[in-house]
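See below for the structure under consideration.
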Amino acid sequence: EVQLQACGGGLVEVGGSLRLSCVASGLTFDDYAIGWFRQAPGKEREGVSYINSDDTTRYADSVNGRFTISRDKAKNTVDLQLNSLKPEDTAVYYCAVDVRGFGSTWFAAHWGQGTQVTVSS
């Protein structure tokens with residue numbers, strides 16, 4: 001059984017920071033791209049960032065320069081550091097395993113249940 005548990009969400013003011021973390025069980029991250037998606041109310045789920053097995057990274061244009069993804073292969077975790085937060089960053093954030101970017105469309109094989117990030121205006 002594959003399970004992904006995300007935590008670290010919360011309520012912050014504009015310009016603040018949060019750090020999200022996700023731990024996986026049932027598989028190891030070593031051979032997979034792992035990352036984060038998000039979904040705001042009334043909007044489609046979108047890819048935020050992912051990190052490949054060789055530790056190269058990709059970010060959505062909307063978060064590039066503000067968010068940083070990292071992984072710990074020994075602990076089977078992936079983190080997302082969210083800095084300089086904006087109201088439009090408000091969403092449920094989902095960690096995911098086996099992320100693959102095909103043009104502007106990203107896919108994942110496994111999903112966590114998500115953690116809420118709310119940025120006040």
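Heavy-atom basis, side chains included; hydrogens, waters and symmetry copies ignored. Note that the structure is a prediction, hence the values are computed from the model and not measured. Count residues from 1 along the sequence.
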Is it true that Leu20 and Ile51 fall in one hydrophobic cluster, defined by side-chain heavy atoms closer than 4.5 Å? yes
Cluster link Val78 to Phe37, ILVMFWY, side chain under 4.5 Å: no
Closest approach of [X] to [Y] (non-hydrogen atoms, all atoms of both residues):
{"X": "Asn52", "Y": "Ala33", "answer": "OD1-CB, 3.5 Å"}
{"X": "Tyr59", "Y": "Thr68", "answer": "OH-CA, 3.4 Å"}
{"X": "Ala96", "Y": "Ala108", "answer": "CB-CB, 3.5 Å"}
{"X": "Thr90", "Y": "Val119", "answer": "OG1-N, 2.9 Å"}
{"X": "Gly47", "Y": "Trp106", "answer": "CA-CE3, 3.3 Å"}
{"X": "Leu85", "Y": "Val12", "answer": "CD1-CG2, 3.4 Å"}

[atom1]-[atom2] distance between [X] and [Y], expressed to the nearest 0.5 angstrom:
{"X": "Trp36", "Y": "Cys95", "atom1": "CH2", "atom2": "SG", "result": "5.0 Å"}
{"X": "Tyr94", "Y": "Leu4", "atom1": "OH", "atom2": "CG", "result": "13.0 Å"}
{"X": "Lys73", "Y": "Ser53", "atom1": "NZ", "atom2": "OG", "result": "6.0 Å"}
{"X": "Arg71", "Y": "Asp30", "atom1": "CZ", "atom2": "CG", "result": "7.0 Å"}
{"X": "Asp55", "Y": "Ile69", "atom1": "CG", "atom2": "CD1", "result": "10.5 Å"}
{"X": "Phe67", "Y": "Leu80", "atom1": "CZ", "atom2": "CG", "result": "6.0 Å"}

Before giving the answer on side-chain contact (heavy atoms from CB on, under 4.5 Å), spell out for Val2 and Val97 the whole-Å C-alpha distance, their side-chain angles and the decisive distance to 0.1 Å. CA-CA 10 Å; Val2 176; Val97 178; 5.7 Å; no
Do [X] and [Y] get their side chains close enough for a donor-acceptor pair, meaning under 3.5 Å?
{"X": "Asn83", "Y": "Gln81", "answer": "yes"}
{"X": "Gln3", "Y": "Gln5", "answer": "no"}
{"X": "Asp79", "Y": "Ser70", "answer": "no"}

In Ile34, Leu27, Val99, the residue satisfying side chain to side chain contact (heavy atoms under 4.5 Å, CB included) with His110 is Leu27
For [X], is the [atom1] atom crowded, meaning more than 12 foreign heavy atoms sit under 6.0 Å from it?
{"X": "Glu88", "atom1": "CD", "value": "yes"}
{"X": "Arg19", "atom1": "CZ", "value": "yes"}
{"X": "Gln113", "atom1": "CD", "value": "no"}
{"X": "Lys75", "atom1": "NZ", "value": "no"}

For Tyr93, which residues count as a ring-ring contact (aromatic ring centres under 6.0 Å, His included) partner, sequence neighbours excluded? none
Any chance the SGs on Cys7 and Cys22 are under 2.5 Å from each other? no
So, the side chain of Asp98 versus the backbone of Tyr32: is there a donor-acceptor pair under 3.5 Å, distance only? no
Contacts of Asp89 meeting salt bridge (Lys or Arg N to Asp or Glu O under 4.0 Å) (sequence neighbours excluded), chain-then-number -> Arg38, Arg66
